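One structure is given below, encoded as structure tokens.
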Amino acid sequence: MKDSMIHPVRIQDNTFRDGHQSIHATRMKTEDMIPIAEEMDDCGFWAMEVWGGATFDAMHRFLEEDPWRRPGILKKYIRKTPMSMLLRGQNLVGYRHYADDVVRAFVDRACEIGIDIFRCFDALNDFRNLETCVERIKANGKHVEGTVCYSLTEGHLGGEIYNLDFYVKKAGELEQMGADTLCIKDMAGLLSPYDAFNLFTELKKAVRVPLHLHTHYTSGMGSMTCLKAVEAGVDIIDTCLSPYALRTSMPACEPIVAALQGSERDSGINLNKLLEMSEHLEKIAPKYQHLLADQRLSIIDNGVLAHQIPGGMISNLTSQLKEMKALDRLEEIYKEVVRTRKDMGYPPLVTPSSQIIGSQAVLNVLFGRYVRISNQLKDLVLGLYGKTPAPIDPGLTARILKNYKRGQTPITARPADLLPPEMEKARETIGHLARNEEDLLGWILFPQTMEKYLLAKYENDAPARAAAAGR
Ligand code: CO
């Protein structure tokens with residue numbers, strides 16, 4: 001093989017973030033990562049994703065761990081491999097849009113505690129929602145991974161919105177914004193192998209920065225999709241070590257490394273080393289096994305192949321319907337999700353748009369279409385989450401926003417331009433309970449649960465308790 005033909009595929013390991021987020025509800029403790037962190041560091045991964053997404057929420061809410069400490073602890077063991085995080089743009093690691101001063105402070109702290117690569121996405125692919133965090137990441141000299149959420153208009157790539165041109169255009173926008181790498185984030189496992197081939201072939205022609213694929217195994221296509229993306233020249237792919245792979249997680253690392261051995265895309269990663277680490281994970285996994293969703297024999301979610309509604313969203317819909325004693329209407333809801341999403345300008349189904357569309361579809365089926373309307377849906381129509389991929393019908397807009405207290409005319413500005421700074425006011429409100437900016441930021445993101453966490457953390461501290469009691 002000529003040297004010029006060798007183009008090793010680089011691998012990002014996601015075991016310590018998306019892996020246990022997908023398989024064990026984000027509950028892996030830092031102490032269980034430490035025993036293999038140093039060996040993982042020796043593997044030659046392009047990066048290891050260790051923070052962001054739901055980890056911040058789960059750590060303080062369920063694990064009694066200070067979320068800010070994990071990257072620093074891991075950095076003692078992971079000294080060579082860059083550490084990455086998933087950042088929801090203006091939503092950071094929370095569930096609403098935060099003011100720019102919060103975004104700047106959060107990114108600065110994340111850089112300080114050791115995050116090197118920031119995978120930034122917006123649920124509507126409205127990149128104005130990435131402007132502030134990208135500016136800060138760059139100012140800190142760190143790596144911006146610009147991300148496009150993968151979604152479909154119909155069964156496959158193509159149709160009126162999510163066609164090749166859409167992704168090429170979005171990728172170009174991110175490159176213009178200064179993205180150092182470009183990621184296609186296929187959170188629901190919708191990207192099929194041949195669509196991936198076409199997509200990455202076109203993206204390779206259109207952008208200069210390295211291309212990264214993040215796909216989930218959910219539909220069962222993930223490993224095939226990675227292989228075709230590799231054939232089309234994708235530079236980096238995301239995998240997890242096998243115990244934390246497959247199901248709704250990522251494709252497994254080991255078979256991909258094995259499959260590419262000896263080819264011009266050989267990853268160069270030592271397979272035996274991976275196998276040793278998987279063995280370690282098998283030993284710690286039993287204590288988390290009660291968190292595994294194993295009600296079904298099948299490890300893939302046929303629903304994604306049938307109606308493209310990802311598993312996480314189906315479980316939300318099911319519990320909502322159970323509460324309303326209407327579980328027998330699930331099939332109707334699936335159809336209504338498709339209609340509601342179309343009405344709302346085809347947002348990708350990812351946090352938070354998946355919840356907004358899902359809940360509204362339930363209301364539409366049970367009470368008639370748009371008879372009862374959630375405030376979140378009104379906010380979406382009002383433009384407070386950003387611009388939807390396709391416009392929403394003006395008649396429907398008027399109907400949904402009729403008498404809405406936050407406004408009746410959709411905004412066209414960047415949503416965060418309407419948000420006044422939050423840090424100072426929060427600092428006054430929380431008082432002595434926040435000892436530092438990290439406490440304060442955590443509290444802005446998760447007021448209730450972080451307050452509980454901080455009270456426990458400063459249990460023996462009278463002024464902290466007085467500050468909380470005084471509110
Ligand atoms: Co993911």
Side-chain angles (χ1 to χ4, degrees), residues 11-28 45-59 83-89 91-95 115 117-125 130 145-152 181-192 196 199 211-223 225-226 229 234 236-253 256 291-293 299-301 303-304 308-316 347-355:
I11 292 182
Q12 171 169 310
D13 179 80
N14 282 50
T15 307
F16 290 169
R17 206 284 296 174
D18 213 347
H20 69 101
Q21 181 171 327
S22 301
I23 301 275
H24 286 153
T26 332
R27 299 296 210 281
M28 196 196 272
F45 292 124
W46 180 76
M48 286 171 68
E49 190 170 273
V50 299
W51 210 56
T55 58
F56 197 99
D57 187 350
M59 285 177 76
M83 297 205 301
S84 68
M85 77 166 289
L86 179 68
L87 191 70
R88 302 177 186 133
N91 296 8
L92 299 173
V93 291
Y95 304 105
I115 301 299
I117 299 173
F118 292 77
R119 173 175 293 167
C120 311
F121 79 96
D122 175 68
L124 296 181
N125 286 320
L130 305 186
E145 181 152 280
T147 302
V148 188
C149 292
Y150 186 75
S151 191
L152 294 171
T181 44
L182 182 104
C183 178
I184 296 291
K185 174 180 160 67
D186 175 28
M187 52 277 162
L190 300 174
L191 178 59
S192 71
L199 177 59
L211 302 178
H212 194 156
L213 170 62
H214 175 80
T215 187
H216 281 252
Y217 193 77
T218 319
S219 65
M221 295 191 288
S223 308
T225 298
C226 278
V234 74
I236 313 152
I237 55 171
D238 276 12
T239 63
C240 288
L241 291 177
S242 53
Y244 280 93
L246 310 184
R247 301 183 184 272
T248 55
S249 181
M250 263 118 277
C253 187
I256 290 183
L291 297 159
L292 180 72
I299 68 156
I300 66 159
D301 176 2
V304 176
Q308 297 168 10
I309 300 171
M313 192 171 162
I314 293 177
S315 54
N316 282 345
L349 296 176
V350 61
T351 305
S353 53
S354 50
Q355 288 86 332

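Not measured: the values here are computed from a predicted model. Each ligand, and each atom within it, is numbered from 1 in the order the structure gives.
Counted by atom type alone, His216 and Arg247 present zero donor-acceptor pairs between their side chains at under 3.5 Å.
Thr147 and Lys185 get closest at one heavy-atom pair: CG2-CB, 3.4 Å.
Under a 3.5 Å cut-off, the side chain of Thr15 and the backbone N or O of Leu241 do form a donor-acceptor pair. Between the side chain of Thr225 and the main chain of Met221, a donor-acceptor pair closer than 3.5 Å is present.
The one candidate from Asp238, Leu199, Leu191, Ile236 that meets the side-chain contact (heavy atoms from CB on, under 4.5 Å) condition with Leu213 is Leu191. Applying the side-chain hydrogen bond (donor to acceptor under 3.5 Å, both in side chains) test between Tyr244 and each of Gln21, His24, His20, Arg17 identifies His24 as the sole match.
Take a cut-off of 2.8 Å around the Co ion (ligand 1): the protein N, O or S atoms inside it are Asp18 OD2, His214 NE2, His216 NE2.
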